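All remarks here apply to the structure that follows.
What you see below is based on every heavy atom in this structure, not just the backbone, and it leaves out hydrogens, waters and symmetry mates. Note that the structure is predicted; figures quoted are calculated from it, not measured.
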Amino acid sequence: MNALGRLACLLFFSAAAWAAESDVLSNLPANIRAEAQIVRSERDGLWEKVLLVRFPEARRTLSTSDGLLDARAALNHAAHPVLWKTLGHRFMGQDGRGGKAYAEHVHAKMAGQLQLDKPAVARMATAADMDNLAVITKHYGPLTVTVLATAGAKTNAIRTGVDAGTYIEGQTPAGTINIMLLTNIRLTDAALARALITVTEGKTAALQDLNVPSTYTKTVQATGTGTDSIIVVSGTQGPQASYTGGHSRIGELIGKASYEAVLEALGKQNGFFLPGTKRFTAAPVAPAKAPDALRLALLHLDAVPGDVAGNRARIEAGIQEAVGQGADWVMTPELAETGYNFASRIGTDWIAPFPDTWISTLAAIARDNRVALFVGFAERDGKTGKFHNSVAVIDRNGVIQGAYRKQRVHGGAESWSTPGTGGAPFMVDGIPVGVLICADTYKPEPAARYREQGAAILLAPANWPPVDGMGPDDLWERRSAETGLPLIVNNRTGREPELDFRRGESVVAAGGERLYSFSTSQSRLFYVDWDRRQGFSQPTR
C-alpha cells in the first residue's frame, strides 16, 4: 500500500472510532492548574482510552516522544493490545511502523479536536488499560507534584545493560510504563531534563522492590520496559527550580510520587504487589493439626456463570477464611472463576493470556499468607491464543508453577475449550501433586500417568452434578485403588439454569474407599488434614 492509500485508510477508520465519551478526573490539585479526563471510544469493537490533560496556557514541557515544546495539552493514548497488532498490519503492512503510524494518527486527531497544532500537544502511547491509571500527589510547603502513571511490565520488561536491544523504530508499544509529571512551580529546561532521571529512578526502585523480572533474562530484575515514556510539564507559579535531583525537596517529591504511582499502576495492571500488602488480617485461633499434617481446604463454591468479578471476590474471601482456619492448601472447583456455562453469557474475548492480572494477584496472596492455591479458571495460551479449561497451581512462595489443562472436555458448555495433553506433577511443599479436572478421572490413563511420574497425591477440581447416567458412581474410588494414590475431588454447589449442582459431592478417596464425602447447597469450605504416614483426618476444635 502506498503512502496515499495508507492515509486514506487512516481517515476511513478514524470516522467510526471517535464517537467518544469521557470521564473527568477530579483528583488533580487546584494549584496544578490543569484539567484531566479519560476519553473513551471504540475501534473495531475494541477499546481506546486517552488520558487528556489540558492547561489554560502554554506550559514548558519535556517529552521523551517529542522533545522540548510549549504544550497546551498532554495525552497518554491507550488501546487494546489486539488493536495495536491489527492496526499495525492494516495501516502499514509488515514494515513494523504500523504502531507508530496509529499513535501519530491519534495524536493528530486529538490535536485537531482541541483546535491545537500537533507541537502543542505532548503525547505517549501504551497498551496498558487507562482504567488502571494511578494518580499520586505530594506536597511540601509551596511545592506540589502530581504523577499520573500507567504501567505494564509482563511482556516487555528489560534490564538495561544486560538485555539485547532488538527494537526497531516504529514497532508496537507493549508492556509500557508511561509517567506524566505535573508541577505547580516553574521548572527551567535543565530542571525538566533532570526530572527525567529522578522519575526513572523512582520507577526503577518500584520495579526492584516488586521483584519484577526481565522478560528476556528471567534471572535478573527489570529496570524498565523497552518502550517507557515520560512527559514532564512545568508549572507557572513561583518559586522556580533549576534542579530536580534527589537532594532537592522538589526532587524528593518527584521521586516518591513516581515510585508510588508505578507501584499502584503495576498492581492494578499486572497484579504485582509489595511483599506483605496482600496479607490477611489475623483470624481467631485455628483448630490444631499434627506437626507433619497439611490442612487442605476445599472451597465448595456456588459459582455464578459469567460473574467473573463476583466469583473472583468469592474465591478470595474463601481463601481468607481458609487461611484463618490454618489451611496450607486451598482448592477450588473446576472453572470457579467463571462458572460452568459462562461462554454463552459473556463469550471468551475477555480472557487474557496466562498468567493474567488476577492470577498474579492470587500469587501475591499465596506468598503473603503462605498458602498454596489450586484454582479453576479459563485460560488463554499467550502463544497460540487457544482457550483451555485449566487449574492454576501456585505454591506458598507465590510462584506460579503453571496450569494444568483439562484433557477430556465436553461439547456444548465446554466447546470453547481446547483439550490439553499430558501433564507432569507439580512440586508443592516438596510433594509431587498430580492435577486432573472432573471428567479426566473418567478413564484410568491420566491418573496412571501421574503414578508413573511419581505423584504422591491427586487433586481433581470438578463441576460434576449428580445426574442419572452421568456418574461419577465409584470412579474416584477406583482411580485411588488403581494408582494407590489418594484422590481429593473438590466439586461445586449452587445452580445454573442449565445444571443443578446443589447435591454435588466433594470426596476424599484412598485405597479404593471413600473416606469422606461433603455436600452442601450453599458455598462452604470443608477441611481435611493429610499426614502422608498417618493418612487423613478431619480437624476438630
Side-chain angles (χ1 to χ4, degrees), residues 13-14 16-30 32-56 59 61 63 65-66 71-84 87 99 102-116 118 120-137 145-152 173-182 199 227-233 257-258 260-270 309 350 352 357:
F13 286 110
S14 70
W18 287 94
E21 58 182 24
S22 64
D23 299 330
V24 175
L25 301 183
S26 59
N27 49 354
L28 292 188
I32 291 288
R33 299 180 67 242
E35 295 180 355
Q37 62 188 131
I38 296 176
V39 181
R40 302 174 185 274
S41 59
E42 283 192 1
R43 189 187 299 266
D44 296 350
L46 300 171
W47 57 259
E48 292 181 301
K49 303 170 188 177
V50 177
L51 170 65
L52 175 63
V53 182
R54 290 181 286 184
F55 316 114
R59 299 279 180 89
T61 298
S63 163
S65 297
D66 307 292
R72 289 293 307 273
L75 62 87
N76 185 4
H77 161 224
H80 192 286
V82 174
L83 198 55
W84 283 106
L87 291 182
Y102 169 44
E104 289 174 346
H105 163 63
V106 172
H107 182 208
K109 189 70 177 179
M110 291 299 296
Q113 289 188 344
L114 296 171
Q115 297 183 328
L116 296 172
K118 284 175 60 178
V121 182
R123 49 65 190 267
M124 47 191 174
T126 181
D129 193 331
M130 200 57 62
D131 287 350
N132 296 327
L133 175 72
V135 182
I136 300 294
T137 295
V145 164
T146 295
V147 167
L148 304 96
T150 54
T176 301
I177 300 175
N178 281 354
I179 297 173
M180 189 182 300
L181 167 64
L182 311 176
V199 168
T227 50
D228 293 348
S229 294
I230 302 171
I231 295 174
V232 183
V233 182
S258 299
E260 292 180 22
V262 172
L263 286 181
E264 181 181 328
L266 285 172
K268 290 178 175 180
Q269 179 73 26
N270 291 152
W350 60 273
T357 300

One should read off an interatomic distance between N27 CG and I32 CD1, to the nearest 0.5 angstrom, of 11.5 Å

Carboxylate-amine/guanidinium contact D23 K49, below 4.0 Å: no

As an exercise, state the distance from NE2 of H80 to CH2 of W47, rounded to the nearest 0.5 Å. 6.5 Å

For R123, is there any backbone N or O sitting under 3.5 Å from a side-chain donor or acceptor partner on S65? yes

Evaluate whether atom CD of E35 has more than 12 neighbouring non-hydrogen atoms of other residues, nucleotides or ligands under 6.0 angstrom away. no

Please report the C-alpha distance between L25 and L51 in whole Å, then the side-chain angles of each, then the deciding distance to 0.1 Å, and finally whether the side-chain contact (heavy atoms from CB on, under 4.5 Å) criterion is met. CA-CA 9 Å; L25 301 183; L51 170 65; 3.8 Å; yes

Ignoring hydrogens, what is the shortest heavy-atom contact between L133 and K268? Give both atom names and the distance. O-NZ, 2.9 Å

Qualifying residues under salt bridge (Lys or Arg N to Asp or Glu O under 4.0 Å), relative to R54, sequence neighbours excluded: none

Answer yes or no: is there a side-chain heavy-atom contact under 4.5 Å between P29 and T146? yes

Approximate separation, where rounding is to 0.5 Å, of L148 CG and I179 CD1: 10.5 Å

Shortest non-hydrogen pair, E264 vs I136, comes out as OE1-CD1, 3.5 Å

Heavy atoms, side chains only, cut-off 4.5 Å: are T137 and L28 in contact? no

Any side-chain heavy atom of V233 within less than 4.5 Å of one from L181? no

Testing the basics here: between V147 and A257, what is the closest heavy-atom pair and its distance to 0.1 Å? CG2-CB, 3.7 Å

Determine the interplanar angle of the H77 and Y102 rings, folded into 0 to 90°, and report it as parallel if under 30°, tilted if 30 to 60°, perpendicular if over 60°. perpendicular

Starting at CE of M124, measure out to CG of L75 and round the result to the nearest 0.5 Å. 8.5 Å

Rounded to the nearest 0.5 Å, the OG1 atom of T61 sits from the CZ atom of R72 at a distance of 11.5 Å

Got a donor-acceptor contact below 3.5 angstrom from the T150 side chain to the M130 backbone? no

Scan side-chain atoms only and decide if N76 and T126 contain a donor-acceptor pair under the 3.5 Å cut-off. no

Nearest heavy-atom approach of G152 to I177 is O-CG1, 4.2 Å

Residues D228 and N178: closest non-hydrogen pair is C-OD1, 4.2 Å

Where the side chain of Q269 meets the backbone of D129, is there a donor-acceptor pair that is under 3.5 Å apart? yes

Separation of S41 OG from E48 CD (nearest 0.5 Å): 4.5 Å

Before you tell me yes or no, could you show the steps for V145 and L182 under side-chain contact (heavy atoms from CB on, under 4.5 Å), namely the whole-Å CA-CA distance, both residues' side-chain angles and the distance that decides it to 0.1 Å? CA-CA 6 Å; V145 164; L182 311 176; over 6 Å; no

Looking at every non-hydrogen atom in both residues, tell me the closest pair between K118 and H107 and how far apart they are. O-NE2, 3.3 Å

Under 3.5 Å: donor-acceptor pair, side chain of D66, backbone of A122: no

